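Here's the structure, in structure tokens; my notes come after.
Numbers restart at 1 for each chain; the letters A, B, ... are given by sequence-line order, proteins then strands. Please read all numbers here as calculations on a predicted model, not as lab measurements.
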Amino acid sequence: MIEIKDLKASIGEKEILKGLNLVVKPGEIHAIMGPNGSGKSTLASVLAGREDYEVTGGEVVFNGKNLLEMAPEERAREGLFLAFQYPVEIPGVSNMNFLKAAVGEVRKHRGEEALSAKDFLALVKEKSALVELDGQLAHRAVNEGFSGGEKKRNEVFQMAMLEPKLAILDETDSGLDIDALRIVAQGVNAMRSPERSFIVITHYQRLLDYIVPDVVHVLYKGRIVKTGTKELALELEEKGYDWIKETVA
Amino acid sequence: MERVLNHSIQKWLDATLAFDTIRHQNHDAVLASMESLEFPHSKMEDWKYTRTQKLNQGQWVLQRSEVISDPEFQAVSSVQTQMRSGFFGCLNQVAPTEAFSLDIAPNESFDEPFHFVIKSNEDWAWTQPSFELTLGEHACAKVVLHFIGKHNGFCNALLDVTMMEGSHLDLDIIQDNDDSFFQILDIRVDEASKSHCNVLTHTLNGGWTRNNLWMSLNGEHAHAALSGFYLPQDGQLVDNHTVVDHRVPNCTSNELYKGVLYDKSKGVFNGKVFVRKDAQKTEAYQSNKNIMMSDDATMDSKPELEIYADDVRCSHGSTTGQFDEEALFYLRARGLSALGAKQLLVSAYVNEVINRSNNAEVVTFVKQELSARGRIIADEV
């Protein structure tokens, strides 16, 4: 699915990713944990194509293609989805117009026919139910006036609409209460399939009770320093990150 | 009597001589007032940012417009518009090429809009349509002035609106001119107490467009809403000069002009709000926002507030900048092209103005037109 080799990335003069390696196979869920400032969100941003970051080394192969050469929209059309840590409010742009344009682009890229208005609305209904998103929200402006929980549910709703091959959830659990967390996880779990992979970035083990990962990585100072099973997350929850820092040092 | 006119305007007046079928009731006074005028140039405060040379060099031939009205209206031959102080307003009054007068009787209310399409079809055609609109007490109407200027022409239009107590007007101006067309539109609105006027200027296209809108709140509890959008591209110019004159207490005004400027285009916004000494409890809001789509486009925005009363709520603001990069990235991360994402953002940006119109037909028409031209993405679903 995705193969990240020796990835190095900087913002301004500061190097944040310092040679990161990661392979995610189809159907797998990988969790990436790590202390603040370790590079988790940078990794998500670099993979999605945010231009603020400069890739200074390494390569990323996504379904056999060079991901780093693609514009953000090409990555999305190829099946990469980033659920934003801070979804952007876009006043005046309705969720529906936005989604219709996005779904249209992705389907066109896959060589699929455009959805009729009726089929599109049916899809919206089905997928918004998945994350218990109020039907009215779909008609409002993108994320405008949404609560924190609604924004995150809207991200998972968009993911369900776009049916990506690889979804990166960037701290989707931050700012969620336990009910919203359960709903978001339920949406993600409904989308699990042997062809779809997930990279779940989180600070806390709590989310991983709901979205059970196949592999857990610890990111520290721009590198993956430890890899294990879901029990590693439990161990981190119990002991914190200090023992990892000591091991690395 | 021999008049002494500045030579810069003599040729313009000479060109009107052949046209005298329609007469302003103050024709002689207008002519006399022109003795102190000269052709507008950039050293005049009102014309500081808008170049007039090309207009002045045109080989214009004064002629009638083609006016299609629905419901059908007879043109009139006598004009009573208020005297103007500027050159082009006077020029219109010296020789209007056609004149229409619409009187809505007191308490009359029309749901169907009065729609005027004013067309200019030929190269070097110079037209000077004149409109007078009067709403009696508690009358209610929607009016659309839809200008279509073809080829290399010049339309110098004038409109007077007189609103009696408690009347209500929705006025939509649509400007849809060719890239080589010049248009000046001078509107003056006088509002009596409790009247409500909503003016929206939709500048769809045009080579060179100058709009003067003067709204005077003369009676208490009157409300003026004025808005407009412009999306100039290539070397086009759109200049909106507005004045809101709060003359009496307890009136409100709300102004919103938004522009998206492409290529080497130029935009001008000059919005004055006067709050006279007696106009206590005035609420006046003004906003001009611009998005620059190119490094070569320019925008001159000048909001001006002059407040002589002490118990008022007024605000004005002007912003000029680029699109929010975060929003662009968010849309692209969902598969929209950079261009598609910008179009979606432009649509939302412009829709805020278009949606201020109370004329559903105009809203639909304008959105469809802009979308057919690839300027915005029409609402779907």
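A salt bridge links B/E326 with A/R50: the distance from a Lys NZ or Arg NE/NH1/NH2 to an Asp or Glu carboxylate oxygen falls below 4.0 Å.
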Checklist entry - Do A/E155 and B/R334 pass the salt bridge (charged side-chain N to carboxylate O under 4.0 Å, His left out) test, and can you show the C-alpha distance, the side-chain angles, and the key distance before you say yes or no? => result CA-CA 10 Å; A/E155 293 294 288; B/R334 297 294 178 258; 2.6 Å; yes
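Heavy atoms of B/S337 lying under 4.5 Å from chain A belong to its backbone as well as its side chain. With a 4.5 angstrom heavy-atom cutoff, A/V124 does not touch chain B via any of its atoms. With a threshold of 4.5 angstrom between heavy atoms, A/P164 does not approach chain B through any atom at all.
Ranked by heavy-atom pairs under 4.5 Å with chain B, the list A/R77, A/R75, A/H109 is led by A/R77.
Within 6.0 Å of OH in A/Y86 there are 12 or fewer heavy atoms belonging to other residues, nucleotides or ligands. For B/K302, the NZ atom is densely surrounded, since the number of other residues' heavy atoms within 6.0 Å is greater than 12. More than 12 heavy atoms of other residues, nucleotides or ligands lie within 6.0 Å of NZ in A/K151, so this atom counts as buried by the packing criterion. Annotation for B/D295: atom CG does not count as buried by contact number, only 12 or fewer foreign heavy atoms lying within 6.0 Å.
Atom CD1 of B/I377 sits about 12.0 Å away from atom NZ of A/K100, to the nearest 0.5 Å. Remark: B/L331 CG to A/I90 CD1 distance equals 4.0 Å, nearest 0.5 Å.
B/A333 and A/A76 get closest at one heavy-atom pair: O-CB, 3.3 Å. Across B/A348 and A/V93, no two heavy atoms sit closer than the pair CB-CG2, 3.4 Å.
Under the 4.5 Å side-chain criterion, counting only non-hydrogen atoms from C-beta, B/Y330 is in contact with A/N143.
Residue pairs satisfying the side chain to side chain donor-acceptor pair (under 3.5 Å) criterion with at least one member in residues 253-264 of chain B, sequence neighbours excluded, are listed as follows: B/T242-B/E255, B/H246-B/S253, B/N254-B/R356, B/E255-B/Q286, B/K258-B/E352.
Side-chain N or O atoms of B/R332 include none that pairs as donor or acceptor with a backbone N or O of A/E73 at under 3.5 Å.
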